[in-house]
Number of protein chains: 2
Amino acid sequence: MQTERQKEIIEAALVLINDKGIQGFTIKNLANKIGITEPAIYRHFTNKIQILISILEYFKTSTKDILKKELNNNDTSIEKIGHLFTNHFIRFSTTPSLVSVIFSEEVFRSEPILIEKITEVIERNDNILIKIICDGQANGEIRNDIEAKYLSIVIMGSLRLFVKKWQFAGNSFNLRAEGEKLIESIKLIIEK
Amino acid sequence: MQTERQKEIIEAALVLINDKGIQGFTIKNLANKIGITEPAIYRHFTNKIQILISILEYFKTSTKDILKKELNNNDTSIEKIGHLFTNHFIRFSTTPSLVSVIFSEEVFRSEPILIEKITEVIERNDNILIKIICDGQANGEIRNDIEAKYLSIVIMGSLRLFVKKWQFAGNSFNLRAEGEKLIESIKLIIEK
DNA sequence: TGGAAGTTAGTGAACATTCACTAACTTTGT
DNA sequence: ACAAAGTTAGTGAATGTTCACTAACTTCCA
């Protein structure tokens with residue numbers, strides 16, 4: 001489990017990465033943000049990479065909660081996809097710095113362990129989405145003139161770009177409200 | 001105009017960024033890659049930022065050629081969108097490091113001048129795509145139950161994610177061939 | 001022969017990390 | 001009940017390394 005201070009460091013690191021990119025994520029900046037000195041950071045993490053690893057864990061577990069809740073209900077496949085993304089929009093609205101994690105290939109490029117971890121997360125999410133699509137195609141809800149693999153790229157790609165635009169715009173529009181419209185468009189696209 | 005050496009530096013920088021990210025883009029690595037010493041770089045560029053600016057210019061002008069050729073012919077809107085992306089796939093296949101530029105928000109985050117330049121490029125491409133979609137909607141080619149703005153996110157987002165996956169996979173599959181299938185899927189999605 | 005393009009050898013600043021040390025707690029033995 | 005011993009979370013100073021960049025010298029070619 002994580003101590004209060006560790007959580008504080010992880011959250012500060014996320015904000016730092018979100019605001020200034022990897023280049024801004026230095027131990028000095030991190031310590032300044034929290035209001036302690038640089039060496040104090042090392043009382044809570046053995047090194048910088050461990051902080052990044054914890055960020056990924058933090059994201060992974062908080063994603064798991066969303067997924068569990070959604071996947072095991074009796075909604076239709078299309079409804080499931082809708083809810084999945086609504087939940088993500090809510091999560092990103094509450095903690096905008098989390099967005100950096102889903103576009104973190106660049107941030108985590110430095111270390112093979114990090115690349116491995118991020119690949120794991122991406123692949124798991126991919127597989128979940130493809131599974132939902134396949135189910136929907138099997139029961140006639142979702143069009144089957146396009147392979148699930150390609151539909152998943154269309155869905156995930158749309159949402160990623162949309163969130164990226166929100167991040168690029170400095171979170172200046174309502175992700176939740178605008179996002180609903182995009183979700184509606186995607187539903188129209190994938191339905192049979 | 002650019003000298004041979006300047007071109008060589010720009011291309012080496014692109015490869016470096018593509019292989020190792022921003023963190024790998026140092027003057028030392030750049031000089032090593034070309035086979036000259038660090039100070040020699042400064043005979044050709046006043047500083048590091050100028051190299052990044054030149055990369056963006058390099059991308060911008062080479063994109064302009066593709067766009068010009070495609071926009072002023074008599075193809076249908078859907079064909080135009082298809083050709084646009086086929087051409088990009090060909091370009092990326094020839095010069096894989098160019099992919100880094102379209103995902104360069106992170107790389108160019110350090111300098112306001114760079115952010116401005118990359119924003120310019122993104123907005124121009126966005127507007128061109130939206131224009132094509134609107135034309136297609138007006139003449140009944142493209143579905144109009146979804147706003148052009150959202151369709152453009154779906155199209156652009158799909159292709160970005162697809163190219164990102166290709167980059168992430170170390171360019172291990174045939175972008176051109178696989179890409180054609182994605183383009184066909186997108187055509188099915190947007191047609192009336 | 002002179003300027004362009006290269007070199008060697010440096011600069012200060014920033015980086016992650018380690019050092020010796022301390023103030024303020026908690027635990028433990030008598 | 002209370003002091004000795006140990007722990008936790010912090011400090012300022014310093015580590016070696018890397019960074020972008022520069023001054024001064026040399027080589028090469030038109």
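A:A169 meets the side-chain contact (heavy atoms from CB on, under 4.5 Å) test with A:S172, A:F173; sequence neighbours excluded. In terms of the side-chain contact (heavy atoms from CB on, under 4.5 Å) criterion, residue partners of B:A40 (sequence neighbours excluded) are, by chain and number, B:I36, B:T37. Under the rule for a side-chain contact (heavy atoms from CB on, under 4.5 Å), the partners of B:T63 that lie at least two apart in sequence or sit in another chain are B:F59, B:L67, B:H88, B:R91, B:R124, B:N125. Residues meeting the salt bridge (Lys or Arg N to Asp or Glu O under 4.0 Å) test with A:K20, sequence neighbours left out: none. For B:R109, the side-chain contact (heavy atoms from CB on, under 4.5 Å) partners are B:E106, not counting sequence neighbours.
Note: CG (B:L52) to P (D:dA20) measures 11 Å, nearest angstrom. A:E4 has its CD atom 17 Å from the P atom of D:dT8, to the nearest Å. Between the CD atom of B:Q23 and the P atom of C:dA14 there is a distance of 17 Å, given to the nearest Å. Note: CG (A:N32) to C1' (D:dT11) measures 14 Å, nearest angstrom. In this structure, B:E111 atom CD and D:dA20 atom P are separated by 13 Å, rounded to whole Å. One atom, CD of B:Q50, and another, C1' of D:dC21, lie 14 Å apart when rounded to the nearest Å. Atom CD1 in B:I41 sits about 15 Å away from atom C1' in D:dC19, given to the nearest Å.
The pair B:E105-B:R160 meets the salt-bridge criterion, since a charged nitrogen lies less than 4.0 angstrom from a carboxylate oxygen.
A salt bridge (Lys or Arg N to Asp or Glu O under 4.0 Å) check over residues 25-44 of chain A, counting only residues at least two apart or in different chains, returns nothing. Every pair tested for side-chain hydrogen bond (donor to acceptor under 3.5 Å, both in side chains) that includes a residue from residues 183-192 of chain B fails, sequence neighbours excluded, so the list is empty. Within the structure, the salt bridge (Lys or Arg N to Asp or Glu O under 4.0 Å) test picks out the following pairs touching residues 167-178 of chain A (sequence neighbours left out): A:R176-A:E180, A:E178-A:K181, A:E178-B:K149.
Contact annotation: B:H44 side-chain N/O to C:dA4 OP1/OP2 distance is not under 4.0 Å. In terms of phosphate contacts, B:T37 brings a side-chain nitrogen or oxygen within less than 4.0 Å of OP1 or OP2 of C:dT7.
A cation-pi geometry, defined here as NZ or CZ lying under 6.0 Å from the six-membered ring centre and within 45° of its normal, does not hold between A:K48 and A:Y42.
Comparing C:dG6, D:dA20, D:dG10 by their nearest atom to the side chain of B:A40 picks out C:dG6. Set against D:dC21, C:dT17, C:dT7, the side chain of B:K48 has D:dC21 as its closest nucleotide.
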> Which letter, B, S or -, goes with each nucleotide of nucleotides 22-30 of chain D from 5' to 3', with contact meaning a protein heavy atom under 4.0 Å?
Replying inline: BBB------
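Using a 4.0 Å heavy-atom distance criterion, A:F45 is classed as making no nucleic acid contact.
Residues from residues 5-20 of chain B placing a heavy atom under 4.0 Å of any atom in DNA chain D do not occur.
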Distance-only donor-acceptor hits, side chain of residues 6-14 of chain B, under 3.5 Å, sequence neighbours excluded:
residue	atom	partner	partner atom	Å
B:Q6	OE1	B:T3	N	3.0
B:Q6	OE1	B:T3	OG1	3.4
B:Q6	NE2	B:H44	O	2.9
B:E8	OE1	B:R5	NH1	2.8
B:E11	OE2	B:Y58	OH	3.3

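A:S100 and A:N18 share a donor-acceptor pair across their side chains, judged by distance under 3.5 Å alone.
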If you restrict it to nitrogen or oxygen atoms, what contacts under 3.5 Å exist between nucleotides 15-18 of chain D and the protein, and what is each distance?
none

